Amino acid sequence: MVKKIFAQIYIWLILLFMYIPILVLIAFSFTTSVNVGVWTGFSFDLYPALFQDGEIMAALGNTLIIAFISSAVSVLLGTTGAIGAFYSKKRAMRALDSVNQIPVVNAEIVMALSLTVMFVFVGSYIFRGANLFSFWTLLIGHVVLSAPFVYLSIKPKLQQMDPNLYEAALDLGATPRSALYRVTLPQILPGILSGFLLAFTLSLDDFIITTFTRGPGLLNGQGTIETLSTLVQAKIKKGPIPPEMRALTTIIFLVVLLLVVGVTLYRYFHKDKKHSRRRMAR
Amino acid sequence: MKLRFQRKYLCIPYWAFLILFVIIPIFIIIYYAFTDTNGFFSMDALIDFFTSPVKINVLLVSIFIGLQTTLICLIIGYPLSYFLANKKFNKNVVLVMLFIMPMWINFVLRTGATRDVLFWLGINGGTYPYLATLIGMVYNYLPFVILPLYTTMLKIDQSQVEAALDLGASPMRAFTHAVVPQTLPGIVSASMMVFMPTMSSYVISDTLSEGKISLFGNTIYLNFSNSQWNTGSFMALIMLVIIGLLMFVTRNANVKAEDRARGTGLW
């Protein structure tokens with residue numbers, strides 16, 4: 001019993017430490033002081049100020065656009081890659097598996113620099129001194145970052161699949177293409193979804209690859225693309241986190257919390273439903 | 001001849017993508033590491049790296065802070081994952097989610113928040129750059145330790161622990177001889193997930209030490225912002241070699257651990 005209390009205290013203490021910085025930002029999002037730690041009276045002023053801040057809103061928009069497009073492309077490439085590899089000869093599959101592992105284990109800054117150096121190289125030797133850096137190079141960077149993880153999340157689903165279903169579809173007159181769409185894809189859908197989510201969060205959080213491979217474009221027009229990460233980094237290099245960003249932290253925290261609660265509840269009820277269905281079958 | 005659709009052709013686009021944007025860039029890094037700004041073969045970057053005390057210092061500090069962060073994360077995270085995964089202490093799965101949740105809040109924002117709070121507490125990067133950086137690293141990488149350790153702890157065979165206790169082992173001895181060996185693969189992968197990103201991190205060390213501590217990542221970033229592609233590429237190459245060596249060593253360690261686990265299973 002004493003051991004259990006000790007364990008619980010330890011768990012909650014570490015949990016508290018993990019959340020201190022975020023909770024402090026959230027608490028000070030209700031006061032307008034420049035620095036965290038100085039309370040200048042309760043107010044909601046930072047929230048309207050956040051939505052009127054064009055710079056932050058543009059960065060937020062860019063971040064979401066890049067995350068959506070790059071995870072869609074990653075899902076497309078990763079899914080086709082995983083399906084293709086699964087039905088290739090063993091040696092070809094192993095080769096793709098190990099090449100896929102390179103970006104997973106590699107340090108992000110090494111990947112970022114290698115891509116940047118390549119874009120510089122191609123720009124100066126093939127396009128005669130052109131500057132290639134734009135939204136497209138940024139997109140390539142983000143896909144390199146996340147497609148391997150999509151591939152990894154789909155691989156086990158393919159291995160769990162019943163191979164007879166595809167054969168049955170072919171025997172019943174389906175073309176290989178429609179069998180793929182209507183038999184294989186629905187079975188690996190959970191893997192595709194979790195791959196998409198993973199790719200999305202990787203892209204949202206990314207700083208290094210974004211800074212290295214970005215150019216002008218998106219909501220910044222002629223200016224260099226700013227995402228949330230790069231904007232926050234530029235701000236905190238000069239001083240404390242801007243007050244409006246404390247309000248942004250609160251909103252992000254609430255969104256994440258809602259998602260976590262939603263997923264937990266969904267799983268809880270889903271498990272329950274499965275359970276009762278099994279009971280009915282019995 | 002008409003090309004018939006085969007499922008294995010589906011991996012062609014992904015292959016092309018990986019070759020173009022993963023394999024070729026690595027070769028270009030190697031090319032740049034051994035050429036000068038005019039594109040001629042040169043060992044300048046290599047000689048510069050091994051004769052510059054500043055860069056050797058960066059290498060040593062990166063390895064040191066990487067090891068220290070890994071060790072602290074393991075010391076905090078190991079008992080934590082053990083408590084979380086053991087039904088005797090905790091039945092709440094949601095708690096694990098709570099430990100992972102900070103990872104979904106933008107990491108630069110979290111790093112800035114850590115710095116501002118530490119500043120408020122009087123541990124500012126200006127006076128205590130090393131301590132502030134270390135705290136920032138541990139704070140950021142702890143979830144990366146908890147996740148792999150927790151998943152291996154879930155698979156612990158409790159009957160081995162009970163057998164050790166029944167046969168007269170002290171709780172401490174049962175822990176070191178029955179629990180730790182079973183979690184070795186988790187410890188190895190957790191260490192890898194902390195050590196490499198710590199060594200090559202840029203944002204955390206730059207923000208929390210206010211630019212006073214320069215790790216591998218910071219140096220590569222500096223070379224990038226000054227367009228020093230050759231020296232930058234050589235630094236990246238060194239990092240690649242370190243990663244390759246670590247992967248090789250840990251893969252062997254993992255194979256050995258698996259063998260040992262299988263061996264104990266036989267008995």
Side-chain angles (χ1 to χ4, degrees), chain A residues 4 7-8 10-11 14-15 18-22 24-25 36-37 77-78 80-81 83-85 87-88 96 99-100 102-103 105-110 113-118 120-121 140 144 147 176-177 180 201 204-205 207-208 212 228-229 232-233 236 240-241 245 249 252-253 256 260 264, chain B residues 5 7-15 17-18 21-26 28-29 32 76 79-80 83-84 88-90 94-95 97-99 101-102 104-110 112-117 120 139 142 196-197 200 202-203 207 217 220-221 224 229 232-233 236 239-240 243 247:
Chain A
K4 194 183 169 180
Q8 287 288 332
Y10 186 74
I11 291 173
I14 302 287
L15 201 58
M18 302 271 299
Y19 279 87
I20 282 178
I22 300 161
V24 167
L25 279 204
V36 152
L77 280 172
T80 52
I83 296 175
Y87 293 109
S88 300
L96 190 55
V99 175
N100 185 69
I102 297 173
V105 299
N106 205 347
E108 203 187 332
I109 201 157
V110 174
L113 188 83
S114 68
L115 274 174
T116 312
V117 168
M118 184 177 78
V120 169
F121 181 86
I140 290 171
V144 169
R177 212 173 287 242
L180 188 73
T201 47
L204 279 186
D205 226 28
F207 170 77
I208 291 289
F212 275 61
L228 208 52
S229 300
V232 176
Q233 204 271 342
I236 61 176
I241 294 181
M245 292 211 177
T249 311
I252 295 176
F253 183 78
V256 171
V260 169
T264 315
Chain B
F5 172 78
R7 284 175 292 182
K8 65 179 177 196
Y9 294 153
L10 280 174
C11 67
I12 293 171
Y14 191 48
W15 257 122
F17 181 82
L18 286 179
F21 300 117
V22 173
I23 297 179
I24 291 181
I26 288 176
I28 292 185
I29 279 243
Y32 267 84
I76 300 175
L80 188 72
F83 292 149
L84 282 175
K88 258 193 287 184
F89 301 115
N90 174 52
V94 181
L95 265 181
M97 283 282 258
L98 283 180
F99 276 100
M101 218 177 80
W104 284 316
I105 294 167
N106 189 292
F107 123 87
V108 188
L109 207 54
R110 268 187 293 132
T114 315
R115 188 202 55 183
D116 286 2
V117 170
W120 183 25
Y139 170 66
L142 194 57
M196 283 193 311
S200 60
Y202 164 72
V203 178
T207 308
I220 294 177
Y221 189 91
F224 155 77
W229 305 122
S233 296
M239 191 72 220
L240 260 178
I243 294 169
M247 291 307 297

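Below, chains carry the letters A, B, ... as their sequence lines are ordered, and counting in each starts from 1. Because the structure is a prediction, the values reported are computed rather than measured.
- In terms of heavy-atom pairs under 4.5 angstrom with chain A, the leader among B:Trp15, B:Tyr202, B:Trp104, B:Trp229 is B:Trp15.
- Taking the six-membered ring where the residue is Trp, A:Phe212 and B:Phe224 present parallel rings, their angle staying beneath 30° rather than reaching 60°.
- Between A:Pro103 and B:Val22 the shortest heavy-atom distance is CG-CG2, 3.9 Å.
- When all heavy atoms are compared, the tightest approach of A:Met118 to B:Phe21 is CE-CD2, 3.5 Å.
- Contact of B:Thr114 with chain A is made through backbone and side chain together, with heavy-atom distances under 4.5 Å.
- Of the listed residues (B:Ala236, B:Pro102, B:Gly232, B:Gly217), the greatest number of heavy-atom pairs within a distance under 4.5 Å of chain A belongs to B:Pro102.
- When A:Phe253, A:Phe207, A:Tyr19 are compared by the number of non-hydrogen pairs under 4.5 Å with chain B, A:Tyr19 comes out ahead.
- The aromatic rings of A:Tyr10 and B:Phe83 lie perpendicular to each other, with more than 60° between the two planes, well past the 30° mark.
- When the candidates B:Ile28, B:Leu84, B:Val203 are compared by the number of heavy-atom contacts under 4.5 Å with chain A, B:Ile28 comes out ahead.
- Both the backbone and the side chain of B:Phe107 come within contact range of chain A, judged by heavy atoms closer than 4.5 Å.
- The candidate from B:Ile24, B:Asn106, B:Ile29, B:Ile220 with the greatest count of non-hydrogen atom pairs under 4.5 Å with chain A is B:Asn106.
- Between B:Met196 and A:Val105 the shortest heavy-atom distance is CE-O, 3.4 Å.
- Looking only at side-chain heavy atoms (C-beta outward), A:Asn100 and B:Tyr14 come within less than 4.5 Å of each other.
- Here the straight-line distance linking atom CD1 of A:Ile252 with atom CD1 of B:Ile105 works out to 7.5 Å at 0.5 Å rounding.
- Residues forming a side chain to side chain donor-acceptor pair (under 3.5 Å) with A:Asp205 (at least two apart in sequence, or on another chain): none.
- With values rounded to the nearest 0.5 angstrom, B:Leu142 atom CG is found 7.0 Å from A:Ile14 atom CD1.
- The CZ atom of B:Arg110 lies 6.5 Å from the CD1 atom of A:Ile22; values are rounded to the nearest 0.5 Å.
- Residues B:Tyr139 and A:Ile20 form no side-chain contact, since every pair of their non-hydrogen atoms from C-beta on lies 4.5 Å or further apart.
- For a residue to count as touching a neighbouring chain, one of its non-hydrogen atoms must lie under 4.5 Å from one of that chain's; by this rule A:Thr249 touches chain B with backbone and side chain alike.
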Q: Kindly indicate, with the supporting measurements, whether the criterion side chain to side chain contact (heavy atoms under 4.5 Å, CB included) is fulfilled by B:Ile26 and A:Val110.
A: CA-CA 9 Å; B:Ile26 288 176; A:Val110 174; over 6 Å; no

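- From B:Met239, atom CE reaches atom CD1 of A:Ile109 across 9.5 Å, with rounding to the nearest 0.5 Å.
- What you find for A:Ile241 and B:Gly112 is that their closest heavy atoms are CD1-C, 3.4 Å.
- Using a 4.5 Å heavy-atom cutoff, the side chains of B:Leu95 and A:Ile11 are in contact.
- Separating the CE atom in A:Met18 from the CG atom in B:Leu98 is a distance of 10.0 Å, to the nearest 0.5 Å.
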Q) Would A:Leu96 and B:Leu18 satisfy side chain to side chain contact (heavy atoms under 4.5 Å, CB included), going step by step from the backbone distance to the final call? A) CA-CA 9 Å; A:Leu96 190 55; B:Leu18 286 179; 3.8 Å; yes

Q.
The test is side chain to side chain contact (heavy atoms under 4.5 Å, CB included); show your working for B:Leu10 and A:Leu180 and say whether it passes.
A. CA-CA 11 Å; B:Leu10 280 174; A:Leu180 188 73; 3.7 Å; yes

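- Within the 4.5 angstrom heavy-atom criterion, atoms from both the backbone and the side chain of A:Gln233 approach chain B.
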Q: Give the intermediate values and the outcome of side chain to side chain contact (heavy atoms under 4.5 Å, CB included) for residues B:Tyr32 and A:Phe121.
A: CA-CA 9 Å; B:Tyr32 267 84; A:Phe121 181 86; 3.6 Å; yes

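- Looking at every heavy atom in both residues, B:Ile243 comes nearest to A:Ala107 through CD1-N, 3.4 Å.
- When all heavy atoms of B:Cys11 and A:Gly81 are compared, the closest pair comes out as CB-O, 3.5 Å.
- Residues B:Pro25 and A:Val117 form no side-chain contact, since every pair of their non-hydrogen atoms from C-beta on lies 4.5 Å or further apart.
- Between chain B and the residues A:Ile208, A:Leu25, A:Ile140, A:Thr264, the most heavy-atom pairs under 4.5 angstrom are made by A:Ile140.
- Residues B:Tyr221 and A:Leu113 fail the side-chain proximity criterion, which asks for heavy atoms closer than 4.5 Å.
- In this structure, CD1 on B:Ile23 lies 5.5 Å from CD1 on A:Ile102, to the nearest 0.5 angstrom.
- For chain A, the nearby part of B:Met247 is the side chain; its heavy atoms alone come within less than 4.5 Å.
- Using a 4.5 Å cut-off between heavy atoms, A:Thr201 touches chain B through its side chain atoms alone.
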